[in-house]
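In what follows, a single structure is set out as structure tokens and then discussed.
Quick note: residue numbers are just sequence positions, from 1.
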Amino acid sequence: MAVCPTPIGNLEDVTLRVLRVLSEADVLACEDTRHTRLLLERHAIRAQLVSFHEHNERARARELAGRMADGALVALVSDAGMPLVSDPGFALVQAALAARVPIEVLPGPSAVITALVASGLPAPSWCFVGFLPRARRELDALFASAEETLVAFESPRRLASTLALLAARDDARAVAVCRELTKLHEEVRRGSAGELAAHYREHPPRGEVVLVCAGAAVGGASREQALAALRDLVAAGAKARPAAGAVAKLTGLGANELYRELMREGK
């Protein structure tokens, strides 16, 4: 079995080794056969294609494991980038391992690595979390706990609100929005969370987005600790908004977010 990464946009970004394996494979397991066929036609490759996506992954994996056990070479491809990375393929790899079929993983294009390098943010230690959670509380907790550079996929429809939430926590936190990587309208925009939140609020993005943000300040107080301190100050007679600003300066958290949370508790 061969796991073959494919271009994330520009069809020229495919390795000679991947092209050779795709031409030699007995069958290609594709996330979308129509999408893969475009790549094959570009490079004059003929191959047998079968669909392999989230809706048929388990059943197809059993079928293909049987073929591999009989000696067939199955090449796994997704629509873009490395299979299994927020794409189908895990069930097939597990089936191949269970059948004691050798697995060869070929290197190649990855939106995650491309965005990380393009972001200009620290790369010695980083974390990829796939698609960001939709629930506001889960998303806020993720941003608060990330102590290293965070890389994630995000919907263009939610990007502005996600950046606004991050800015409320830390307006100055360094962020890069990498959009349509390797494609005609590629954009890498770098700045603070506040700056990018304002930009994308006025200019809604289109296309595929990878969000990269710096880790949270190490050693800062947790959101719960900051809120507890804010409650104590207000209970002692301090006005809520100035108190929120003071706590924010000491903890590195967002003053507006602390104030809004306090107001929600008071309702």
Side-chain angles (χ1 to χ4, degrees), residues 1-115 127-134 138 151-158 180-183 207-210:
M1 175 185 171
V3 180
C4 299
T6 54
I8 59 176
N10 191 319
L11 292 182
E12 294 180 359
D13 295 335
V14 62
T15 69
L16 296 175
R17 187 178 170 201
V18 166
L19 292 177
R20 176 179 58 79
V21 171
L22 294 180
S23 66
E24 294 175 352
D26 297 298
V27 61
L28 308 188
C30 315
E31 184 178 3
D32 186 331
T33 57
R34 297 166 299 181
H35 194 94
T36 301
R37 191 169 283 112
L38 294 176
L39 176 65
L40 299 181
E41 290 175 351
R42 173 68 176 269
H43 297 281
I45 295 174
R46 292 187 177 184
Q48 179 187 355
L49 310 182
V50 297
S51 62
F52 187 87
H53 46 72
E54 60 180 339
H55 301 297
N56 71 353
E57 187 171 1
R58 292 189 178 279
R60 188 72 82 186
R62 290 192 296 270
E63 171 195 331
L64 293 174
R67 296 185 63 172
M68 288 188 287
D70 292 336
L73 172 59
V74 174
L76 172 65
V77 299
S78 59
D79 286 350
M82 180 68 75
L84 277 77
V85 180
S86 294
D87 274 327
F90 179 73
L92 185 57
V93 168
Q94 289 292 298
L97 290 172
R100 299 186 181 278
V101 173
I103 300 174
E104 183 180 34
V105 180
L106 283 63
S110 167
V112 176
I113 301 297
T114 303
C127 178
F128 172 64
V129 296
F131 286 93
L132 288 172
R134 295 188 180 189
E138 292 179 21
V151 185
F153 296 143
E154 181 58 301
S155 163
R157 296 188 300 274
R158 293 191 295 272
E180 292 290 271
L181 288 171
T182 79
K183 299 178 183 178
E208 297 179 344
V209 171
V210 185

Does any N or O in the side chain of [X] come within less than 3.5 Å of the main-chain N or O of [Y], such that one atom is a donor and the other an acceptor?
| X | Y | value |
| --- | --- | --- |
| R158 | R134 | no |
| S23 | R20 | yes |
| E154 | V210 | no |
| T15 | G108 | no |
| T6 | V14 | no |

Any side-chain heavy-atom pair from [X] and [Y] closer than 4.5 angstrom?
| X | Y | answer |
| --- | --- | --- |
| T182 | P7 | no |
| L11 | E41 | no |
| L40 | L28 | yes |
| C30 | R37 | no |
| E104 | M1 | no |
| L84 | L76 | yes |
| L106 | P5 | yes |

Specify the closest pair of heavy atoms between [X] and [Y], including all atoms of both residues, with the distance to one decimal.
| X | Y | result |
| --- | --- | --- |
| V3 | V93 | CG2-CG2, 4.5 Å |
| L181 | A111 | CD1-O, 3.8 Å |
| G81 | P83 | O-CD, 3.5 Å |
| F52 | E57 | CZ-CG, 3.3 Å |
| A29 | L64 | CB-CD1, 3.8 Å |
| V85 | V112 | CG1-CG2, 4.2 Å |

Please say whether more than 12 non-hydrogen atoms of neighbouring residues, nucleotides or ligands are located less than 6.0 Å from CZ in R157.
-> no
How far does [atom1] of [X] sit from [atom2] of [Y], to the nearest 0.5 angstrom?
| X | Y | atom1 | atom2 | result |
| --- | --- | --- | --- | --- |
| E24 | L19 | CD | CG | 11.0 Å |
| T36 | I45 | OG1 | CD1 | 11.0 Å |
| L132 | E138 | CG | CD | 11.0 Å |
| L22 | R17 | CG | CZ | 12.0 Å |
| L49 | H35 | CG | NE2 | 12.5 Å |
| E54 | F90 | CD | CZ | 15.5 Å |

Does any pair with a residue in residues 54-80 pass ring pair (Phe, Tyr, Trp, His ring centres under 6.0 Å), and if so which ones, sequence neighbours excluded?
-> H53-H55
Residues forming a side-chain hydrogen bond (donor to acceptor under 3.5 Å, both in side chains) with D13, sequence neighbours excluded = none
Pairs touching residues 76-98 that satisfy salt bridge (Lys or Arg N to Asp or Glu O under 4.0 Å), sequence neighbours left out = none
